[in-house]
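Heads up, the thing below is written out as structure tokens.
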Amino acid sequence: MIILGVDPGTIHCGYGIIKLQTGKPVERIASGVIQLQKLDNIPDKLAKIYESLTAMIKSHKPDELSIETAFYGKNVQSALKIGLARGAAILAATNNGLQVSEYSPREIKKSVTGNGAAAKEQVLYMVQTILNEKKTKFPADESDALATALCHSFRLNSSNTKPKNWKDFINNYPERIIG
């Protein structure tokens with residue numbers, strides 16, 4: 001299974017594509033940041049998000065999209081803009097036949113680090129560790145998108161087999177053991 005994770009934004013929109021194969025570690029296929037800061041208006045930014053993600057979907061053929069939900073912060077305008085970016089990403093996914101799953105920032109952080117209030121540096125470290133790419137310094141938006149895809153992969157695995165004890169967990173998820 002191939003999962004496209006998106007960290008939506010109207011200045012930087014992170015994306016991460018991972019591949020899951022039974023009995024193998026999770027593999028990063030592609031990741032990066034769609035740079036939008038040079039575009040002057042929201043419609044152009046949304047079009048760029050839509051076009052970029054559509055091209056990635058056609059190229060890498062993911063099965064599902066995992067995206068961060070909108071959250072309310074102190075700045076309502078920022079929340080609205082993130083909602084628009086989410087809409088462009090979800091539209092690109094649904095127009096290309098992908099199933100969409102949404103996760104809150106807290107859920108994503110908790111699934112990757114074990115702590116729903118983890119700092120960006122903790123998320124980055126765990127993304128690097130899980131993907132076995134400790135020498136790769138991902139920008140925050142890219143790391144967050146990969147974490148979103150990983151969160152979805154963990155959710156898929158946990159819904160298939162629920163371990164009864166630590167031994168079962170280790171046997172079911174060897175790729176999640178950091179040693």
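What you see is a predicted model, and the numbers here were worked out from it, not measured in a lab. Positions are given from 1, in the same order as the sequence printed here.
- Looking at H12 and Q35, their side chains come closer than 4.5 Å, going by heavy atoms from C-beta outward.
- The number of heavy atoms from other shown groups lying within 6.0 Å of CD1 (I11) does not exceed 12.
- Linking Ile, Leu, Val, Met, Phe, Trp and Tyr residues whenever their side-chain heavy atoms come within less than 4.5 Å places F154 and M1 in a single cluster.
- Side chains of S31 and E142: a donor on one and an acceptor on the other come within 3.5 Å.
- The structure places SG of C151 at 11.5 Å from NZ of K110, a figure rounded to the nearest 0.5 Å.
- Atom CD1 in I49 sits 11.5 Å away from atom CD1 in I90 (nearest 0.5 Å).
- In this structure, R155 and E107 have side chains that are in contact, with non-hydrogen atoms separated by less than 4.5 Å.
- Judged as a salt bridge (charged side-chain N to carboxylate O under 4.0 Å, His left out), the pairs with a partner in residues 123-139 (not counting sequence neighbours) are, in order, R28-E133.
- Closest of all the heavy-atom pairs between A145 and G16 is CB-N, 3.6 Å.
- Linking Ile, Leu, Val, Met, Phe, Trp and Tyr residues whenever their side-chain heavy atoms come within less than 4.5 Å leaves L98 and L146 in two separate clusters.
- Side-chain contact between L4 and H60: absent, with no pair of heavy atoms (C-beta onward) separated by less than 4.5 Å.
- For CG of N41, the number of neighbouring non-hydrogen atoms (other residues, nucleotides, ligands) closer than 6.0 Å is greater than 12.
- Put simply, the side chain of I130 reaches to within 4.5 Å of the side chain of V112, judged on heavy atoms.
- Across every non-hydrogen atom of I57 and P62, the tightest pair is O-CD, 3.5 Å.
- With values rounded to the nearest 0.5 angstrom, E68 atom CD is found 5.0 Å from D7 atom CG.
- Counting heavy-atom neighbours within 6.0 Å of N132 CG, excluding the residue itself, gives a total of 12 or less.
- The backbone N or O of T148 sits less than 3.5 Å from a side-chain atom of S66, completing a donor-acceptor pair.
- The nearest pair of heavy atoms linking G9 to L36 is O-CD1, 3.4 Å.
- Around OH of Y50, the count of heavy atoms belonging to other residues, nucleotides or ligands within 6.0 Å exceeds 12.
- Note: the hydrophobic cluster containing Y15 also contains L65 (ILVMFWY, side chain heavy atoms under 4.5 Å, direct or indirect links).
- Side-chain atoms of T113 come within 3.5 Å of backbone N or O of K109 as a donor-acceptor pair.
- The minimum heavy-atom distance linking P8 with R86 is given by the pair CG-CG, 3.4 Å.
- Between the T54 side chain and the E51 main chain, no donor and acceptor come within less than 3.5 Å of each other.
- A 4.5 Å side-chain heavy-atom check between L131 and T136 finds every atom pair outside the cut-off.
- The distance from the CD atom of E27 to the NZ atom of K19 is 6.0 Å, given to the nearest 0.5 Å.
- Taking hydrophobic clusters as Ile, Leu, Val, Met, Phe, Trp and Tyr residues chained together by side-chain heavy-atom distances below 4.5 Å, I29 shares a cluster with M56.
- In plain terms, the two heavy atoms of K45 and L39 that are nearest each other are CE-O, 3.1 Å.
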Worked check of side chain to side chain contact (heavy atoms under 4.5 Å, CB included) between L150 and S153: CA-CA 5 Å; L150 289 168; S153 76; 4.3 Å; yes

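- Clustering of Ile, Leu, Val, Met, Phe, Trp and Tyr side chains at separations under 4.5 Å leaves V33 isolated, with no partner residue.
- Y103 belongs to a hydrophobic cluster with I108, counting contacts under 4.5 Å between side-chain heavy atoms of Ile, Leu, Val, Met, Phe, Trp and Tyr, direct or through other members.
- Of the inter-residue distances, the one linking L46 atom CG with L91 atom CG reads 10.0 Å to the nearest 0.5 angstrom.
- Atom CG of L20 is separated from atom CG of D63 by 9.0 Å, given to the nearest 0.5 angstrom.
- When the options I34, I67, D141 are evaluated for a side chain to side chain contact (heavy atoms under 4.5 Å, CB included) with V6, the one that passes is I67.
- For the pair A147 and V123, the tightest heavy-atom approach, listed with the atom from each and the gap, is CB-CG1, 3.8 Å.
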